[in-house]
Visitor: 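I have a structure here, written as structure tokens, and I will follow up with some questions on it.
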Amino acid sequence: MESRTAPPGISLGPMRLATWNVNSIGARLPRLLEWLEDSQPDVLCLQETKITDDAFPTLPISALGYEIESNGDGRWNGVAILSRVGFDDVTRGLPNAPGFPDVGSPQESRAIGATCAGLRVWSVYVPNGREVASEHYDYKLRWLTALNATVAAELPGHARFVVTGDFNIAPTDADVWDPAVFAGSTHVTEPERSAYRSLLGLGLVDLEARPLKGDHPFTYWDYRAGSFHKGMGMRIDLVLASRSVSDSVTDAYVDREARKGKGPSDHAPVVVDLTD
DNA sequence: ATGCCTTATTTCATAAGA
């Protein structure tokens, strides 16, 4: 497919952007293909693909008109971007991300950036953190610092800029089904929320999607204990956008329908419609 | 008090997720 490159300041018409933590693209492929046909995103950011780049199921996805850029290391993690409006300037990994378990260890596959029809997009899977005061939590905060640095470096040069994906941060207490349950847990601590607010401080806007049902735009529900049907969710999949992008939003919603039925991911897609 | 579910893999058990 021919790549489309937009000159600075020129957008190429309406665009549907989406993000979805699919919890294994191998297990989710039938649901993903069905969702692509139904929802018709122009650009889809994926997280937790859990597959190497070589093994990525390119054929059935390209048959629907999408090009694929992925950054995967196999069993865990893994991110990708699907685009039917072309790719430019693909970046695998954050330029300065720490490794794990040591800062100097190889970088995990948690970020991929690309420019699609003039929109600079980062698909990110922020580390979980596991337990506060663990090495995993420290790693999460270091990783978020690196993400802040990347945004600070790139945002000034890209009027149309988005960083989206699974942030593993609930920005406020309203973003979890019961704040009392999360007291002392990761995802809600002040350092994590401070890292989120730092991203906003750089000039990004949190495009808070509307729920298709109920009052809470949750994007994740644990598989266990009937959490989805009881409304026990969290808003941790975010779309953070530059002011230019934010000003062009015509709709943004959480597609909770994708969380229903047989073999769903534990996350729902977030869909954002943009116009000129 | 804990598991509850789902995933991939070093598979009939484990690690990880959030």
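This structure is a prediction, so every number in the text was calculated from the model and none was measured. In the text below, chain A, chain B and the rest are named by the order of the sequence lines, each starting its count at 1.
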Visitor: In this structure, how many angstroms lie between the P atom of B/dC4 and the CG atom of A/Asp266, rounded?
Guide: 15 Å
Visitor: Classify A/His267 by what it touches in the nucleic acid, base, sugar-phosphate, or nothing, heavy-atom distance under 4.0 Å.
Guide: sugar-phosphate
Visitor: Expressed as a whole number of Å, how far does the P atom of B/dA16 sit from that of B/dA1?
Guide: 26 Å
Visitor: Of A/Arg120, A/Glu154, A/Glu69, which meets side-chain hydrogen bond (donor to acceptor under 3.5 Å, both in side chains) against A/Thr91?
Guide: A/Arg120
Visitor: If the P atom of B/dT2 is compared with that of B/dA13, how far apart are they to the nearest Å?
Guide: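 B/dT2 and B/dA13 have their P atoms separated by 23 Å.
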Visitor: Please report, rounded to the nearest Å, how far the P atom of B/dT6 is from the CG atom of A/Asn21.
Guide: 15 Å
Visitor: In whole angstrom, what separates A/Ile169's CD1 from B/dA18's C1'?
Guide: 12 Å
Visitor: Applying ring-ring contact (aromatic ring centres under 6.0 Å, His included), can you list everything that pairs with A/Phe100, at least two apart in sequence or on another chain?
Guide: A/His136, A/Tyr139
Visitor: When the P atoms of B/dT14 and B/dT10 are compared, how many Å lie between them, rounded to an integer?
Guide: 16 Å
Visitor: State which residues pass salt bridge (Lys or Arg N to Asp or Glu O under 4.0 Å) with A/Asp222; sequence neighbours excluded, sorted by chain then number.
Guide: A/Arg224
Visitor: Under the salt bridge (Lys or Arg N to Asp or Glu O under 4.0 Å) criterion, do A/Arg197 and A/Glu190 qualify, and how do the steps go?
Guide: CA-CA 10 Å; A/Arg197 288 195 303 269; A/Glu190 178 52 30; 2.3 Å; yes
Visitor: Would one find a side-chain N or O of A/Tyr137 under 4.0 angstrom from OP1 or OP2 of B/dA18?
Guide: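 No, outside the criterion.
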Visitor: For nucleotides B/dT11 and B/dA15, find the distance between their P atoms and express it as a whole number of Å.
Guide: 13 Å
Visitor: Using the side-chain contact (heavy atoms from CB on, under 4.5 Å) criterion, which residues pair with A/Pro60? Sequence neighbours excluded.
Guide: A/Leu29, A/Leu33, A/Pro57
Visitor: Quickly work out the A/Met234 CE to B/dA18 C1' distance and round it to whole Å.
Guide: 6 Å
Visitor: Let me know the distance between CG of A/Asn77 and P of B/dA15, rounded to the nearest Å.
Guide: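 Answer to the nearest Å: 17 Å.
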Visitor: Tell me the interatomic distance from A/Leu29, atom CG, to B/dT7, atom P, rounded to whole angstroms.
Guide: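 Between P of B/dT7 and CG of A/Leu29: 13 Å.
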Visitor: Could you tell me the separation between the CE atom of A/Met232 and the C1' atom of B/dG3, rounded to a whole number of Å?
Guide: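 Whole-Å distance recorded here is 13 Å.
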Visitor: Check the distance between B/dA18's P and A/Arg130's CZ and give it to me in whole angstrom.
Guide: 11 Å
Visitor: Got a donor-acceptor pair under 3.5 Å from the side chain of A/Asn168 to the base of B/dA18?
Guide: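 A donor-acceptor contact between them is absent.
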Visitor: Contact class for A/Phe182 vs. all strands (heavy atom < 4.0 Å): base, sugar-phosphate, or nothing?
Guide: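 The residue A/Phe182 makes no contact with any strand.
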Visitor: Just checking A/Asp237: base, sugar-phosphate only, or nothing, at a heavy-atom cut-off of under 4.0 Å?
Guide: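 Since no nucleic acid heavy atom lies under 4.0 Å of A/Asp237, the category is nothing.
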Visitor: At under 4.0 Å between heavy atoms, what does A/Tyr125 touch on the DNA or RNA strands: base, sugar-phosphate, or nothing?
Guide: sugar-phosphate
Visitor: So if I take every side-chain heavy atom of A/Ala225 and compare against B/dT6, B/dC4, B/dA18, which nucleotide ends up nearest?
Guide: B/dC4
Visitor: I'd like to know if the side chain of A/Asp53 pairs up with that of A/Ser70 as donor and acceptor (distance under 3.5 Å, no hydrogens or angles considered).
Guide: yes
Visitor: Anything under 3.5 Å between a protein N or O and an N or O of nucleotides 8-12 of chain B, put it in a table, one pair a line.
Guide:
from: B/dA8; atom 1: OP1; to: A/Ser24; atom 2: OG; distance (Å): 2.6
from: B/dA8; atom 1: N3; to: A/Arg75; atom 2: NH2; distance (Å): 2.9

Visitor: With sequence neighbours excluded, tell me which residues meet side-chain contact (heavy atoms from CB on, under 4.5 Å) with A/Gln40.
Guide: A/Arg84
Visitor: At under 4.0 Å, does any side-chain N or O of A/Arg28 touch on OP1 or OP2 of B/dT6?
Guide: no
Visitor: Of A/Pro264 and A/Pro127, whose closest DNA chain B nucleotide lies nearer the 5' terminus?
Guide: A/Pro264
Visitor: Any side-chain hydrogen bond (donor to acceptor under 3.5 Å, both in side chains) pairs touching residues 225-241 of chain A, not counting sequence neighbours?
Guide: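 Every pair satisfying side-chain hydrogen bond (donor to acceptor under 3.5 Å, both in side chains) with a residue in residues 225-241 of chain A: A/Asp175-A/Arg235, A/Asp206-A/Arg235, A/Thr219-A/Asp237, A/Asp237-A/His267.
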